[in-house]
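Here's the structure we're looking at; comments come further down.
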Amino acid sequence: MKKTKALLLDVDYLKGKQSIIRLFFKTPSGKIILSDPSFEPYFYITVNCAPEDAVKKLLESEFNGVRIKRAEIVEKTLFGEEKAVKAIKLIFNSTKEVKDSREEIREQEFVTHKREYDIPFVKRYLIDRDLEPLAMYEIEYDEKTLELKGIKKIESSNELAKLKIGSFDIETYSRGRFSDPKKDPIIMASYVDDEEKVVLCTKEIKVPYAIKVKDEKELIEALIRKIKEKDLDLLVTYNGDNFDLPYLKERASQLKLKCDIGLDGSEPSSVKKARELATKVHGRPHVDAYQLLRMLVRFGVVNLVKMDLESVSAALFNEPKEKIYAEEINDMWDNNRELERLAEYNMLDSAVAYRIAMTYLALFIELGKLVHYTIFDVTRSSSSQLVEALLMIEAYRENILVPNKPSDAEVKMRVMQSYQGGFVYEPVPGLHENIAVLDFTSLHPTIIISHNVSPDTLNCNHEDCKAKNSSPLKNWFCTKKRGFVPKVIERLFKERVAIKRSLKSMQKGSQQYILADARQHSLKIILNSFYGTLGYARFRWYSRECASSITAWSREYVQMVAEEAKKAGFIVIYGDTDSTLLKIPENKKREDVLQFVESINAKLPGVMNLELEGFYKRGIFVTKKASEQAAKKKYALIDDNNNLKIVGFEYVRRDWAGIAKQTQRLVIEAILKDGSPEKAVDIVKQKIKELRSGKTKKEELIIHSQIKKDINAYESIGPHVAAAKKAIAKGRDLGERSVIGFIITKCGKSISDKAQLAEYVSEGNYDAEYYIKNQLIPAVIKIIGEFGYDEDDLIEGGKQANLKAFS
DNA sequence: TAATTCGCTAGACCGA
DNA sequence: TCGGTCTAGCGAA
């Protein structure tokens, strides 16, 4: 028996007759792979007869060819019920046996429920054993059998926690089509980590980091050797899930090589996830920086116009990077032209992927620890999976059997039943001076906590709960028993508050700070996901009543703030869901706002809290394009330091041309900062002139829009779809989720006819009238219009403006 | 097997 | 050629 400190790198299981959990550890004396045969696949059923009789019957029969290995009678509570019941835990040799037999077992006439029959084996293990991947443990194991005998979490302050991370990227050669690993070779590969960068190539390249290899076989061997020699803890790629890793594996196989980069000497294995692949390297978790960014975009952590490495590098790191398309790579290769440029491109792909991973890894590690997911799983999961994982951990601790996933029919029913969301106040259009913005801090989570909103506290049997804690929709929530969902949310919420407090005394940029910040950030992401998932049709704990009660309360609270503000002598300009914008009248001071906030907080229940987001010296609201009605979700503010806050305007949208967006920003600035609509008009006139001259740069004319479904499924062919179709005809690989950057050219009849992918358009080929009439003017007219100007003033000028906006 | 609803706008599409 | 309707996308919260 041996004891050691160890970092839990990865967990998987061996398939076959017996499913056996494997744990990959990093210890002070190297890496080890241990197994835990003590953990077996299982699920639960409840029965309508004596459980002992049921067990006897079950063990005597076969179900779809499967014999149950063992059965235990256990006390469990079905989620939402008061009392524990006797349930039967059915234990099997393999996950396949569970899959094969669960339907038939459920169909036995004495079986009333089946539960937890679809929890993936590794996730099940991490829940039941209370293990957090990438945390530090004191482990005990049998040196002969390599079986895990004991494991205990310890606080880490160890060198082991420093992970060895490396990134790679490949370039392929294919003439005139998308590369096919069965035929098309890898011509170049790069590898980057914290201490070196290398480009492997079958041709001689005159850059210091290039290494010449004899042929493709040697190239692949060298790359595989590199990954193994470095003994990477994590392997990083950019889109390695669907391209680099499957491609490398297939090329290796074509050349009779083994792509044995797994810690156990195994090859990468791809699994279908949603519509795409996720590619695993056993024991050496593969982090696909592209997947990681997609999650961050979904969570609203980053905002990216496009997801290719060039756009990402520019947007996140302010480092421009050249894009070389496949067509050109083939050309360069054939003609031995500019191979240095190609090598640089290849190397930077690895370097940027590496940097993305290093920037966000701490966040994902914390997220993984929080929900007990491996780093592989947590970097590829959805909001609902994270929330579900967290609730599953809680359910296990409380001996509760979790609800099943809904059937497709149930999902359809749920989707049809929508519910009302947040309240949006109709703004007062025009220019406003001296504004205060108030926000509810974490509105939805705090409503859940403070009103105990949970599927298991909904409409309890107590009359006084109904009297004391009814939502405006007349659903009520128990006040005597803590709800399952609020209990979890409150724990996270309180931990986050505590961390945020402790952050203030830490040194920014220190290891301690980075870790704590990542932790609070991961808590924030999960906290913000709860409300949405309660209204998500496929969620195990779906509750339309809970979701709609939360929004009903939110409407009530935000409207209460507006009412009280009016009573207190403020003027309410606008509000949306959790925010209220007040105009501070002449006879009031900014301190009065703080006092008002305090007076509201005195009335709010539980942990609910209103806070001052900030003061702004000026702000503008506009009317809608098609009417004189005020536009919601569109406004701009400026603070005392002349910082602009632009919300909802074209300026923040990717589907508007840069020329229109930048001009709009200048117009807003002229009005809010300089108080000069005249200056704004001049700016617009100048830009119109520039567009008419034909000198506007291509870069400023690009409009971005995403292909959101199969390119052939469109009923209405908009410009971005038209541009994409033309590009596809030329051989470009564009599909669902591609972001199309297009320009409206001079050539064609309709707007869609004129739309072309930006890369194919030469400087100066643009439809100036389109950009003036459909981009520039719409972006500014409603703003300038607030000061009495109209379109003619922009095109010809000279007309006298009346100052209607100054009311 | 990708958290929610609310809101604005462009441009295709279609029929008069 | 027009005006109304519908599809589609993106952002706010």
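Note on naming: letters A, B, ... go to the chains in the order of the sequence lines (proteins, then strands), and numbering restarts at 1 for each one.
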message: Looking at A:Gln420, I'd like to know whether one of its side-chain N or O atoms comes within less than 4.0 Å of OP1 or OP2 on B:dC6.
response: no
Geometric cation-pi criterion A:Lys114 and A:Phe43, 6.0 Å radius, 45° cone: no
message: Quick check: do A:Leu794 and A:Ile688 have side-chain heavy atoms less than 4.5 Å from each other?
response: yes
message: Could you tell me how far apart A:Lys773 (NZ) and B:dA10 (C1') are, to the nearest whole angstrom?
response: 14 Å
- prompt: Base, sugar-phosphate, or nothing for A:Ser579, non-hydrogen atoms under 4.0 angstrom?
  reply: nothing
query: How long is the line joining CG of A:Leu776 and P of B:dA10, in whole Å?
result: 13 Å
- prompt: Within the structure, does a side-chain N or O atom of A:Ser418 lie under 4.0 Å from either OP1 or OP2 of B:dT5?
  reply: yes
Separation of B:dT9 C1' from A:Ile777 CD1 (nearest whole Å): 17 Å
field: A:Lys280 to A:Phe376, cation-pi by 6.0 Å centre distance and 45° axis angle
entry: yes
- prompt: Are A:Ser384 and A:Ser382 linked by a side-chain donor-acceptor pair shorter than 3.5 Å?
  reply: yes
message: Counting the atoms with a prime plus P, OP1 and OP2 as sugar-phosphate, which does A:Ser384 contact under 4.0 Å by heavy atoms, base, sugar-phosphate, or nothing?
response: sugar-phosphate
task: Answer with base, sugar-phosphate or nothing: what part of the nucleic acid does A:Arg737 contact at a heavy-atom distance below 4.0 Å?
output: base
field: Rounded distance in Å - CG (A:Asn528) to C1' (B:dA2)
entry: 17 Å
task: Ignoring backbone atoms, test whether A:Arg654 places a side-chain nitrogen or oxygen under 4.0 Å from the OP1 or OP2 oxygen of C:dC10.
output: yes
- request: Select base, sugar-phosphate, or nothing to describe what A:Phe539 touches, counting heavy atoms under 4.0 Å on all strands.
  value: nothing
- request: Output the single nucleotide from B:dG11, C:dA13, B:dG7 whose closest atom is nearest the side chain of A:Tyr635.
  value: C:dA13
message: When you measure from the side-chain N and O atoms of A:Lys709 to the phosphate of C:dA8, is any distance below 4.0 Å, counting only OP1 and OP2?
response: yes
- request: Please determine if a side-chain N or O atom of A:Lys633 lies less than 4.0 Å away from the OP1 or OP2 oxygen of B:dG7.
  value: no
task: Kindly state whether the ring of A:Tyr425 and the ring of A:Tyr574 have centres lying under 6.0 angstrom apart.
output: no
task: Ignoring backbone atoms, test whether A:Ser716 places a side-chain nitrogen or oxygen under 4.0 Å from the OP1 or OP2 oxygen of C:dC6.
output: no
query: Are the side chains of A:Leu438 and A:Glu611 in touch, meaning some heavy atoms are under 4.5 Å apart?
result: no
message: Does B:dA10 have its OP1 or OP2 closer than 4.0 Å to a side-chain nitrogen or oxygen of A:Asn774?
response: no
- request: Can you tell me the distance, in whole Å, between the CD atom of A:Gln629 and the C1' atom of B:dC6?
  value: 14 Å
- prompt: Between A:Arg653 (CZ) and C:dA8 (C1'), how many Å, whole number?
  reply: 11 Å
message: Would you compute the distance between atom CE of A:Met307 and atom CG of A:Leu293 and round it to the nearest 0.5 angstrom?
response: 5.0 Å
message: Under 4.0 Å, counting only non-hydrogen atoms across every strand here, what does A:Phe423 touch: a base, just sugar-phosphate, or nothing?
response: nothing
message: Does a side-chain N or O of A:Tyr536 approach OP1 or OP2 of B:dT1 to a distance below 4.0 Å, or not?
response: no
- prompt: Base, sugar-phosphate, or nothing for A:Trp541, non-hydrogen atoms under 4.0 angstrom?
  reply: nothing
message: Base, sugar-phosphate or nothing for A:Lys634? Non-hydrogen atoms, less than 4.0 Å.
response: sugar-phosphate
query: Rounded to the Å, how far apart are A:Asn404 CG and B:dT1 P?
result: 13 Å
- prompt: Mapping A:Lys782 and A:Ser752 onto DNA chain B by nearest heavy atom, which one lands closer to the 5' end?
  reply: A:Lys782
message: By the 4.0 Å heavy-atom rule, please label A:Gly532 as base, sugar-phosphate, or nothing.
response: base
message: Using the C1' atom as the point on both nucleotides, what is the distance between C:dA12 and B:dA3, in whole Å?
response: 15 Å
query: Under 4.0 Å between a side-chain N or O of A:Ser382 and OP1 or OP2 of B:dA3?
result: yes
- prompt: For A:His704 and B:dT9, what is the distance between atoms NE2 and P respectively, to the nearest whole Å?
  reply: 22 Å
message: Quick check for you: among B:dC6, C:dA12, C:dT7, whose closest atom lies nearest to any side-chain atom of A:Val424?
response: B:dC6
query: When all nucleic acid strands are considered with a 4.0 Å heavy-atom cut-off, which category describes A:Lys273: base, sugar-phosphate, or nothing?
result: nothing
- prompt: Are OP1 or OP2 of C:dA12 and a side-chain N or O of A:Tyr574 less than 4.0 angstrom apart?
  reply: no
field: Closest listed nucleotide, where the reference is the side chain of A:Pro778 and the choices are B:dA10, C:dG9, B:dT4
entry: B:dA10
query: Is the phosphate of B:dC8, meaning OP1 or OP2, less than 4.0 Å from a side-chain N or O of A:Lys624?
result: yes
message: Less than 4.5 Å apart, side chain to side chain, heavy atoms only: is that true for A:Tyr360 and A:Ile356?
response: yes
Which nucleotide in B:dT9, B:dC13, C:dA13 has an atom nearest any side-chain atom of A:Ile717: B:dC13
task: Would you tell me if any nitrogen or oxygen in the side chain of A:Lys625 comes within less than 4.0 Å of OP1 or OP2 on B:dA10?
output: yes
message: Check this one for me: any side-chain N or O of A:His444 less than 4.0 Å away from OP1 or OP2 of B:dT4?
response: no
message: What's the closest nucleotide to the side chain of A:Ile751 if the choices are B:dA12, C:dC10, C:dA8?
response: B:dA12
message: Does C:dG11 have its OP1 or OP2 closer than 4.0 Å to a side-chain nitrogen or oxygen of A:Lys632?
response: no
